[in-house]
Amino acid sequence: MDDLEFLILDEADRLLDLGFQEEVHEIVKACPLEQRQTLLFSATMNTKVDDLIQLSLKRPVRLNISTKKDRDSSSGNNQGGTSSSGVEVAPRLEQEFIRVRA
């Protein structure tokens with residue numbers, strides 16, 4: 001595990017809801033923090049996921065995706081920006097696209 005560069009936690013909310021909170025926390029604690037990039041994906045953000053974020057991420061960037069209809073009906077508390085495609089993004093997120101031709 002000393003050479004681990006990436007830790008990817010997909011469906012984090014489901015793992016925690018299914019009762020694997022202790023196991024996930026043990027895995028995160030066993031992975032070296034210094035040079036690790038952690039990617040955490042969750043459909044919902046609840047207190048268990050927030051606790052996991054505090055444990056596993058140094059400077060988290062949240063990427064929220066919603067429809068224009070959802071944004072229009074929200075209360076305006078959103079800190080993210082809106083890209084030209086209408087997708088809401090986190091304020092510190094840098095988007096870079098590389099086109100690779102086959």
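Just so it is clear, the structure is predicted and the values come from calculations on it, not from any experiment.
How far CD of Glu34 is from NZ of Lys58: 7.0 Å, rounded to the nearest 0.5 Å. Leu15 contributes atom CG, which lies 8.5 Å from atom CD1 of Ile27 (distance to the nearest 0.5 angstrom). Here Glu23 contributes atom CD and Leu16 contributes atom CG; the two are 10.0 Å apart, rounded to the nearest 0.5 Å. How far CG of Leu40 is from CD1 of Ile8: 11.0 Å, rounded to the nearest 0.5 Å.
The side chain to side chain contact (heavy atoms under 4.5 Å, CB included) test applied to Arg36 returns Leu4, Leu7, Val28, Cys31, Leu33, Thr38, Ser56, not counting sequence neighbours. Among residues two or more places apart in sequence or in another chain, the side chain to side chain contact (heavy atoms under 4.5 Å, CB included) test is passed with Thr44 by Asp13, Ser42, Asn46. For Glu26, the side chain to side chain contact (heavy atoms under 4.5 Å, CB included) test picks out no residue, with sequence neighbours left out.
You'll find the side chain of Lys48 reaches within 4.5 Å of the side chain of Gln21, heavy atoms only. In this structure, Leu52 and Leu9 have side chains that are in contact, with non-hydrogen atoms separated by less than 4.5 Å.
Using a 4.5 Å cut-off between side-chain heavy atoms of Ile, Leu, Val, Met, Phe, Trp and Tyr, with links allowed through other members, Leu55 and Ile53 fall into the same hydrophobic cluster. Residues Phe6 and Leu57 do not share a hydrophobic cluster, defined by chaining ILVMFWY side chains whose heavy atoms lie under 4.5 Å apart. At a threshold of 4.5 Å between side-chain heavy atoms, the hydrophobic network of Ile, Leu, Val, Met, Phe, Trp and Tyr places Val49 and Phe20 in one connected group.
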